[in-house]
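Computed over heavy atoms, backbone and side chain alike; hydrogens, waters and symmetry mates excluded.
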Amino acid sequence: MIVLVVIITSPTTISFLIFCSISYWRERMLVKQPRMHHLTNTFARHYNRQGCEVSVKELDGLLTLLAEKRRKMEQEEAERNMRILLDFLCSLRKQKLDELNEIQTDLQYIKEDINAVERQRIELCRAKDRCSLKLRMFADDPNSLFVTQSGPVASKKKWAQAQFNDLQECYLQKRRNWVRQAYKEEEKDTDIMNREGYNPGLEDFQSVLTNFTRYSRLRAVAELRHGDLFHSANIVSSIEFDRDDELFATAGVSRRIKIFEFSSVMNEPADVHCPVVEMSTRSKLSCLSWNKYTKNHIASSDYEGIVTVWDVTTRQSIMEYEEHEKRAWSVDFSRTEPSMLVSGSDDCKVKIWCTQQEASVLNIDMKANICSVKYNPGSSIHVAVGSADHHIHYYDLRNISQPLYVFSGHRKAVSYVKFLSSNELASASTDSTLRLWDVKDNLALRTFRGHTNEKNFVGLTVNSEYIACGSETNEVFVYHKAISKPAAWHRFSTDLENGEDDAGSYFISAVCWKSDSPTMLTANSQGTIKVLVLAE
């Protein structure tokens with residue numbers, strides 16, 4: 001008001017200021033009420049009159065109205081902010097109550113399981129005492145029969161504590177899953193209890209904990225050199241056990257398939273072992289697959305796109321398939337239909353072959369390069385395909401127009417796919433992760449991190465409990481399928497005798513478990529092959 005009194009002598013100036021004020025507050029408050037339009041229009045008519053006379057009373061009325069509008073809008077804005085704040089607090093309360101209920105439920109599970117384990121522990125102690133009493137009756141020095149193992153127990157406890165977060169997640173996941181399953185099947189709590197009141201989820205977790213704490217390192221028990229004097233290219237691209245784990249085959253850039261006797265490698269001290277069979281090929285080899293029914297048959301894929309089936313007894317090829325137009329990266333025999341095999345290539349094609357026919361029996365055209373193919377071990381009609389498009393495509397061969405499932409999660413090319421069981425599939429990628437999938441329920445189960453893999457094929461092998469892969473740090477890593485961090489690892493030593501400057505570029509190139517045992521074959525880009533065993 002003071003400013004207006006000072007400039008009241010200029011009607012034009014007053015008119016301009018009032019018009020600007022109304023326009024400003026209109027925009028400021030986003031007012032669209034008819035009353036505001038009326039005020040603006042009324043003032044506009046005043047402004048157009050000759051002399052532009054506006055009384056102080058009219059000016060006071062307009063400014064009072066604007067002030068009231070401002071207070072009203074401020075109150076409405078404050079009310080809106082309060083509603084937003086209240087909504088946030090209510091949502092936060094609900095979230096925390098849900099978390100509290102989940103924690104209380106988990107605590108109840110833990111309480112029940114502690115009681116069940118304590119009961120079982122008491123029973124074991126009683127059984128041990130009865131056994132000890134019987135042994136004392138036959139032993140001259142009863143103290144010699146019992147040796148405390150506080151060292152191994154302490155070591156396992158320490159190992160478990162180091163992986164506490166992953167083990168906690170595993171326990172709660174298994175415990176909750178069993179309860180949900182029981183509710184879904186409308187079973188009573190007593191129906192999901194087994195021995196000594198154990199919940200099946202607790203029993204599952206006990207199995208994981210026992211297996212995970214059983215081993216903490218990889219120990220080398222044998223070693224041999226894959227290279228020879230006449231070939232400097234030593235990268236082993238594939239290493240595979242035969243049906244009975246008596247023989248193993250190696251292949252790579254040396255254009256040779258070499259068959260070794262496993263027992264000889266284990267029992268003979270020499271680090272250079274002669275293969276019992278050796279077969280030459282035209283091109284560099286990428287993958288091998290033994291036939292699990294016919295012991296002496298093995299399939300290979302090579303850099304020219306040729307898929308070959310060999311008879312290792314006669315050292316001759318019995319079938320050659322040359323339909324792929326580019327490098328074939330992967331080949332695999334079906335376990336349930338031993339005459340069938342699948343291959344994948346850089347030509348973006350997956351082909352199904354039959355050893356009794358000269359041409360492919362099925363062809364799947366895809367949009368990206370194929371890095372790996374694998375039959376489901378329990379089915380001859382389901383095939384997993386690892387692709388350069390970052391996905392795993394899971395096909396039912398009875399309908400190849402589209403995949404049954406597409407598993408997404410990797411950020412780079414999927415270099416390997418391997419089945420742990422008919423329902424569990426592991427994949428490896430150059431994004432330095434492994435992933436575990438449920439192909440029955442189309443679920444992502446877990447992601448494994450610890451190794452380094454950004455550009456090379458470093459190998460992948462699985463058994464029912466463990467997943468192993470190589471690393472571009474020249475190390476082998478082993479993961480338990482329920483824990484996302486490595487359970488054990490082993491570094492290959494580099495051969496610097498010839499003054500090599502690129503020792504840091506060596507990487508693990510192939511790995512293979514010996515059935516369901518703690519023993520595995522491993523090979524690196526230098527041509528060194530090691531037999532490793534999981535150890536405490």
Pairing donors with acceptors under 3.5 angstrom, does anything connect the side chains of [X] and [Y]?
X      : Y      : result
Asp438 : Asn423 : no
Thr447 : Arg435 : yes
Tyr479 : His451 : yes
Ser301 : Ser343 : no
Asp204 : Trp178 : yes
Ser421 : Glu424 : yes
Glu169 : Gln173 : no

Is it the case that over 12 heavy atoms from other parts of the model lie below 6.0 angstrom from the NZ atom of Lys292?
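Yes, because the 6.0 Å sphere around NZ of Lys292 holds more than 12 heavy atoms from other groups.
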Can you confirm if the aromatic rings of Phe262 and Phe241 lie within a centre distance of less than 6.0 Å?
yes
Worked check of side chain to side chain contact (heavy atoms under 4.5 Å, CB included) between Gln206 and Val208
CA-CA 5 Å; Gln206 184 181 19; Val208 170; over 6 Å; no
Is the shortest heavy-atom distance from the side chain of Asn363 to the side chain of Lys349 under 4.5 Å?
yes
Can you list everything that forms a salt bridge (Lys or Arg N to Asp or Glu O under 4.0 Å) with [X]? Sequence neighbours excluded, please.
X      : value
Asp166 : none
Glu358 : none
Glu337 : none

Using the side chain to side chain contact (heavy atoms under 4.5 Å, CB included) rule, take Val462 and Phe419 through it: C-alpha gap first, then chi angles, then the decisive distance, then the call.
CA-CA 7 Å; Val462 300; Phe419 283 92; 5.8 Å; no
What I want to find out is whether Asp302 reaches Arg327 closely enough, with some N-O distance under 4.0 Å, to be called a salt bridge.
no
Aromatic ring pairing [X]/[Y], orientation class (parallel under 30°, perpendicular over 60°, tilted between):
X      : Y      : value
Tyr405 : Phe407 : tilted
Tyr466 : Trp513 : tilted
His393 : His391 : perpendicular

Looking only at heavy atoms, which two atoms of Leu434 and Ala428 are closest? And how far apart?
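Smallest heavy-atom distance, with atoms named: CD2-CB, 3.5 Å.
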